[in-house]
Amino acid sequence: MTERQLTVSLQQAAPIPLDVAFTCEPGQVLAIFGASGSGKTTILRSIAGLHHPARAQVRVGHQIWCDTDTGVCLPPHRRAVGLVFQEYALFPHLTALGNVMAASGHRPRSERRAHAEALLERVHLTSLASRRPQELSGGERQRVALARALAREPAVMLLDEPFAAVDRGVRRRLQDEVAALRRATTVPLILVTHDVDDVVRLASHVLVLERGRVLAMDSVERLTSRPDLSFLREAFGLGSVFDAVVADVDTERRLLALTFDGGRLLTPLRDSTPGTRVRVRVPAREVILASAPPDGLSLHNVLAGTVAAMHEETTTGQVVVQVAVGRLFLLAEVTRDAVQRLALAPGRPVHALIKSVSIDAHRTVDGEP
Amino acid sequence: MDWTALGVSLRLGVGTVAILLPFGIWLGRLLAVRQFRGKVLVEALVTVPLVLPPTVLGFYLLVTFGARSPLGQAFQAIAGQTLPFSFEGLLLASAIANIPFVVQPIQRGFEAIPGDIRDAASCCGLTPWQCFRRIELPLAWPSLLTAAMLTFAHTLGEFGVVLMVGGNLPGETRTMSVAIYDRMQAFDDRSAGLMAATLLLVAVVTLMTTTMLSRQVRRRRD
């Protein structure tokens, strides 16, 4: 156990059933992913001390925030959490600066203003510091809420559907903001979301929650390359998410070369510099399997690998094939007929033809240089 | 024009507000944010003075304050005078009769604060007391103003309870509304009319001030 690891174990039967146990290391971004009503927000509220499940253990490092077995339960104001509420919950009678200063009470009075101003600068809101929440746009309110959550210098950051109330464009910029903030703070960060984009762009780990139970929990790479999670398929389509490094920017052929554990990918050119770490998502629909290396194709990426596992979707009759390429796993969705024609079975060498991938330039997971 | 009666009325109005406001903030907030057993009963009891005829309320208060009741005996032992037909008794009666006017607006005021705001305050590290003082009180401020002004204006107009509990002692329990009745009985229409107009003016000014102040608060916030 690391010094500032968050350890959570919660059980209750009512008002909604909940039975979860997980840990989150400093620097990790754990996305809690699930349908509405699955208990995501209840988990966050229990960590913050706003909800009290029948049985609960919440620990940050060696500090016990809650343990129903020994009767320890700190009130919310004594738990160092930074919670960003779904609807932001800014104090309407205070300015942006006032909101951030309200969470700076642990600092000496003389430092609070400078502390709050520095945080507003970090979320690029210095010019709006004297505005009240009503005079701010949704995205701006969100950034005030972020700054306020950070103001307490929390031991745990909790974000409850932080981008649900803003439009797509604003969402992207806010994700960048969160990614940047996360790089600067090394505390466990938990993100409740039902949006695949948040997971792909921000998460290092994913906990899939269904009716209050942990359906699956793993790193993004491992979880998204599992062939048997129909939940993920319904929620955002199957497709492995992994990290790669920009190896070469070929302006002449207008291509970008990416290297990853086990191979190399070519993608259409985009603004980037060699050495940049990027997030790559390869949707299972974009992968074609071939038993022999094909010839004369317009696509660039043909990766040699072996079939690692197969899973038949009972609802669609499609087969999800997990292909090991080096240390990486890709998913491909094929028909049952194709499985027979190619004689696909675990251990069989195949070639994966990748039609397209999506790339995210913001490398946000731990281990960043 | 009975200036002494106006003095008694104003003293009674200010005194009632001073007693009731802290109580109203406590009970109004409690009813707004807490769920507890018997809450419905408490809410009904708070509203009772609003629907009872003032004479009925006055009757019960008179019985409660009387020399044979424990409260009446205790007051007499301490103050050396009886509670009924004294200004103190009148003040206590007025405070009880005005409970709904102070508790209900304050309860609505605290209810209007979203639960998330309170939760956010505690997640910002504010203690319950800091949250109350720095977040809830400023947000509920217009409702406190409304409660105070309503109570003040209503106290000036109270008649039945005053007559039952206080009687008609000049300088002690004779308020403006009682004095008006008194003058009418004596066929002194001119004095009665003058005092009625004065009360009307005070009531209108009070309500206008309330509206203006709360509008100002709201404008500052929007």
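All chains are named by letter (A, B, ...) in the order of the sequence lines, taking the proteins before the strands, and each is independently numbered beginning at 1. Side chains included, hydrogens not; waters and symmetry mates left out as well; all remaining heavy atoms used.
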Practice item. Indicate yes or no for a side-chain donor-acceptor contact from His93(A) to the backbone of Arg134(B) under 3.5 Å, with no hydrogens or angles considered. Key: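 Yes: the side chain of His93(A) pairs with the backbone of Arg134(B).
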Point to revise | Donor-acceptor under 3.5 Å (Arg152(A) side chain, Cys123(B) main chain) | key: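 Yes; at least one donor-acceptor contact below 3.5 Å.
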Determine the minimum heavy-atom distance between [X] and [Y], stating which atoms define it.
{"X": "Leu126(B)", "Y": "Ala102(A)", "answer": "CD2-O, 3.5 Å"}
{"X": "Ser122(B)", "Y": "Leu50(A)", "answer": "OG-CD2, 3.7 Å"}
{"X": "Cys124(B)", "Y": "Arg148(A)", "answer": "SG-CD, 3.5 Å"}

Exercise for review: Give me the contact list for residues 123-131 of chain A versus chain B, heavy atoms only, anything under 4.5 Å, ordered by residue number.
Suggested key: none
Other residues, nucleotides and ligands only: do more than 12 of their heavy atoms fall within 6.0 Å of [atom1] on [X]?
{"X": "Glu121(A)", "atom1": "CD", "result": "no"}
{"X": "Arg11(B)", "atom1": "CZ", "result": "yes"}
{"X": "Phe85(B)", "atom1": "CZ", "result": "yes"}
{"X": "Phe59(B)", "atom1": "CZ", "result": "no"}
{"X": "Glu87(A)", "atom1": "CD", "result": "no"}
{"X": "Tyr60(B)", "atom1": "OH", "result": "no"}

Revision key, fill the gap. When the 4.5 angstrom heavy-atom criterion is applied to Leu90(A) and chain B, the contacting part is backbone
Practice item. Measure distances from Arg45(A) to the heavy atoms of chain B and classify the residue's part below 4.5 Å as side chain, backbone, both or neither. Key: side chain
Check your understanding: Quick one: of Ala48(A), Ala145(A), Ala89(A), who has the most non-hydrogen atom pairs under 4.5 Å with chain B?
Key ->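 Counting heavy-atom pairs under 4.5 Å, the top option is Ala89(A).
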**Study point:** Sub-4.5 Å side-chain heavy-atom contact between Pro138(B) and Phe91(A)
**Key:** no
Check your understanding: With a 4.5 Å heavy-atom cut-off, do Pro92(A) and Leu139(B) have their side chains touching?
Key ->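 Pro92(A) vs Leu139(B): side chains touch.
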